[in-house]
Every structure is written in structure tokens, then in C-alpha cells.
2 protein chains.
Amino acid sequence: MVTVARTSLSDRSDLTDLSDSSARSARSWADRGDAFDPDCPTRVVLDRVGDKWTALVIGALSEQVLRFTELRAAVGGVAPKVLTQTLRALERDGLVTRTVHAQVPPRVDYELTDLGRSLIVPIAALTDWAETHVGEILAARERSDSAVSAGSM
Amino acid sequence: MVTVARTSLSDRSDLTDLSDSSARSARSWADRGDAFDPDCPTRVVLDRVGDKWTALVIGALSEQVLRFTELRAAVGGVAPKVLTQTLRALERDGLVTRTVHAQVPPRVDYELTDLGRSLIVPIAALTDWAETHVGEILAARERSDSAVSAGSM
DNA sequence: CCGTATCCATTGTGATACTG
DNA sequence: CAGTATCACAATGGATACGG
């Protein structure tokens with residue numbers, strides 16, 4: 001159930017007609033939100049998933065429960081402070097559980113929640129697209145960059 | 001809608017099928033990359049899609065070709081400098097074409113390329129997930145935040 | 001109309017060292 | 001082991017004004 005909070009976009013319909021002729025889907029892209037709205041669903045998720053380590057952490061945890069240090073190694077040596085930030089954010093959003101075992105030395109397990117596991121699907125769609133098309137992006141990038149330098153010669 | 005998730009990643013259920021069809025997807029999460037590697041496919045795409053305006057711009061352009069000012073209104077009044085940055089990045093990556101019409105006053109059209117259009121699918125998977133589950137995230141967030149303030153009382 | 005130029009606040013990220 | 005504390009820095013993002 002969506003009820004996107006729409007502040008500016010729908011009001012400022014000084015565009016010709018954005019949703020009329022192309023009303024092929026019930027909910028148009030234009031309704032999907034305003035980046036200024038902190039509760040815009042897409043923004044909430046993109047702000048979390050788009051950061052540097054979240055996708056990697058979720059990927060690592062999708063395979064198995066991991067401890068802090070294991071996680072740190074799994075994602076390639078992130079600084080502990082940053083990993084802690086990432087994990088706290090994931091925990092706060094209900095995507096990861098943090099379990100402290102009363103032991104010496106301490107043992108803390110991180111595990112995906114059901115919600116976190118469900119996020120694997122759309123992330124996989126993105127990583128899948130990325131692996132398929134990153135070549136085209138990189139090629140376009142090189143073409144563009146070399147065109148710039150060629151233009152200045 | 002969306003109908004994404006051809007289960008490319010989720011079928012990494014243990015070791016079973018290394019079948020050819022998912023030769024690419026058969027790679028485990030651990031192989032998907034290192035965030036330090038600037039050419040890691042997921043990073044390249046996430047760095048682009050995860051920024052503040054790209055998803056909205058692609059969404060707007062998915063419905064129709066738009067001019068600079070139309071785009072600006074469509075995504076909710078982004079500052080021109082930032083919109084230019086976003087569009088230049090998209091153009092450089094081959095996701096958007098920029099067409100200048102020799103007219104007075106000038107007219108510049110922005111349009112998705114085939115590559116850009118193909119990106120709509122995984123983005124839709126993400127926005128779809130976001131709209132479905134943002135409530136759970138926000139609820140978890142509130143629970144977590146109120147637990148913190150309660151704990152300090 | 002379609003941008004660029006300038007300045008600035010905020011945030012994200014990281015290295016390093018230290019502690020219960 | 002599992003973090004925290006501190007400092008530093010680069011990258012975003014935004015407001016405003018101006019130019020071709």
C-alpha cells in the first residue's frame with residue numbers, strides 16, 4: 001500500500017501532460033515520489049542500499065550468519081567504524097539482527113531478517129543487470145572520455 | 001507488475017546446479033566484487049543509480065522525451081547545476097542521449113537509450129520492493145529509536 | 001531556454017589508535 | 001573479539017547569480 005507523500009511534483013503540473021497519454025500503468029513514475037521527501041519509499045531504500053557497503057554486507061549475509069570480524073573480511077577490509085555504522089543502520093531498519101552471546105571472548109552474530117532476505121531479490125536484479133551491462137557502460141564512458149580529449153586536440 | 005527476479009541470485013542454494021544458464025549468476029556473492037574496485041559492476045551501477053536524482057530522472061524519461069526545464073520540473077525542482085551533473089553522468093555512461101536542436105531559443109531533448117530503458121526493469125524491482133516494504137522499515141526505525149530513548153530514561 | 005560559476009553546508013568514508 | 005574515539009578529507013548536494 002503506497003500512499004506516497006506527494007508534495008511538489010503532482011502540484012506543479014506545468015508539464016504538458018505527463019500521466020495522461022501514457023497511462024499504461026496504474027501508477028506512473030511521476031507518482032513514485034519526490035526526492036525531497038525523506039519518507040519517499042524509493043529514497044529510503046536507495047539511501048540505504050546505495051551506500052558503499054550495504055549491498056556487500058547483505059550479499060555476504062545472504063549466504064550465512066557471520067560474526068563481525070568475518071563480515072569485515074568478507075567485504076574486503078572495511079574500517080571497523082564504517083562497518084559498525086552500516087550494521088547499526090541495517091539493524092535499525094529491521095533488515096539485520098544482532099545477537100550477542102554471553103561469552104568470553106565475546107561473540108556477536110549478524111543475520112538477515114525475513115525483510116532483509118526479501119531485499120535480496122531486487123538487489124539481485126540490479127547486480128544482475130550490472131554484470132550484464134557494465135561493459136556497455138564502461139565502453140560508453142571510455143568513448144565519451146576519449147571524445148573529450150580528442151576534441152581538445 | 002515488475003515481474004522481475006528471474007531468480008538469478010536466489011538460486012544459489014548451496015552448490016547444486018552450476019548449470020550453464022546461470023553461468024554468470026552462478027557466481028557467489030563473494031565473487032561479485034570488492035567495493036574498492038572501481039570497476040566492480042555493482043559499484044558502478046549503484047554509484048550511478050544511488051545518487052539523489054538519477055532514479056527520478058530515469059523514471060521521468062521512461063515516459064517521454066523531455067527538455068531540460070521540463071525535466072527540472074518533473075523531478076521536483078532540482079537545482080540546475082545538479083541536474084546538469086546528473087544528466088552529464090547519464091550521457092557519459094550511455095544511458096541518455098542529449099540532442100541539441102539548432103533553434104532560437106535553444107531546445108535540448110533528453111531521451112533514454114536502449115541501455116537506459118533496460119535499466120528501468122531492475123530499478124522498478126527496487127522501487128516496487130520499496131513501496132511494499134517501506135512501512136516495515138519505517139516501523140522498525142521508530143521502534144528502534146523509541147527503544148533508545150526509553151533506555152536512556 | 002539552457003545551462004555555468006561560485007560559494008558553502010552536510011554527509012560519507014577512511015586511517016589510526018585505543019578499550020571492555 | 002568487537003567494537004569506540006578522534007581526526008581528517010573528499011564528495012554530494014544546494015542556493016544564488018550570471019552568461020551564450
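Letters A, B, ... mirror the listed sequences (proteins, then strands); counts begin at 1.
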I'd like to check the side-chain contact (heavy atoms from CB on, under 4.5 Å) partners of A/E142; sequence neighbours left out, ordered by chain and number. none

Residue pairs passing the salt bridge (charged side-chain N to carboxylate O under 4.0 Å, His left out) test with at least one member in residues 99-109 of chain A, sequence neighbours excluded, are A/R107-A/D109

Interface with DNA chain D, restricted to residues 83-96 of chain A and to heavy atoms under 4.0 Å: A/T84, A/R88

Who are the salt bridge (charged side-chain N to carboxylate O under 4.0 Å, His left out) partners of A/R72, not counting sequence neighbours? none

To the nearest 10°, give me the bend of the helix from C/dC1-D/dG20 to C/dG20-D/dC1, comparing the axes of its five terminal pairs at either end. 50°

From CZ of A/R72 over to C1' of C/dT13, roughly how many Å is that when rounded to an integer? 14 Å

Suppose we screen for side-chain contact (heavy atoms from CB on, under 4.5 Å). Which residues come up paired with A/V100, at least two apart in sequence or across chains? A/R98, A/V108

Just to verify, which of B/L71, B/L66, B/L90 counts as forming a side chain to side chain contact (heavy atoms under 4.5 Å, CB included) with B/Y110? B/L71

Compare all side-chain heavy atoms of A/V78 with those of A/L56 and state whether any distance is below 4.5 angstrom. no

Separation of C/dC2 C1' from B/R67 CZ (nearest whole Å): 9 Å

Just jot down the side-chain contact (heavy atoms from CB on, under 4.5 Å) partners of A/T69, sequence neighbours excluded, or say none. none

Please enumerate all residues that pass side-chain contact (heavy atoms from CB on, under 4.5 Å) together with B/A130, with sequence neighbours excluded. A/P41, A/V45

To the nearest angstrom, how far is A/R48 atom CZ from C/dG12 atom C1'? 12 Å

Pairs in or reaching into residues 111-123 of chain B: which pass salt bridge (charged side-chain N to carboxylate O under 4.0 Å, His left out), with residues at least two apart or in two chains? B/D114-B/R117

Looking at residues at least two apart in the chain, or sitting in another chain, which of them share a side-chain hydrogen bond (donor to acceptor under 3.5 Å, both in side chains) with A/E70? none

State whether A/K52 places a side-chain N or O below 4.0 Å from either non-bridging phosphate oxygen (OP1 or OP2) of C/dG14. yes

By nearest nucleotide on DNA chain D, pick out whichever of A/D109 and A/K81 is the more 5' one. A/D109

Taking for each residue the nucleotide of DNA chain D bearing the nearest heavy atom, is the 5' side occupied by A/P80 or by A/P105? A/P105

Just grab all the side-chain hydrogen bond (donor to acceptor under 3.5 Å, both in side chains) pairs involving residues 77-92 of chain B, residues at least two apart or on different chains. A/D145-B/R92

Kindly point out which of C/dG3, C/dA17, C/dC1 is positioned nearest to the side chain of B/V108? C/dG3

C/dT10 C1' sits how many Å from A/D51 CG, rounded? 16 Å

Looking at every strand, decide which applies to B/R98 at a 4.0 Å heavy-atom threshold: base, sugar-phosphate, or nothing. sugar-phosphate

Using a 4.0 Å cut-off to any heavy atom of chain B, which nucleotides of DNA chain D are the first and last in contact, reading 5' to 3'? D/dG13 to D/dG20

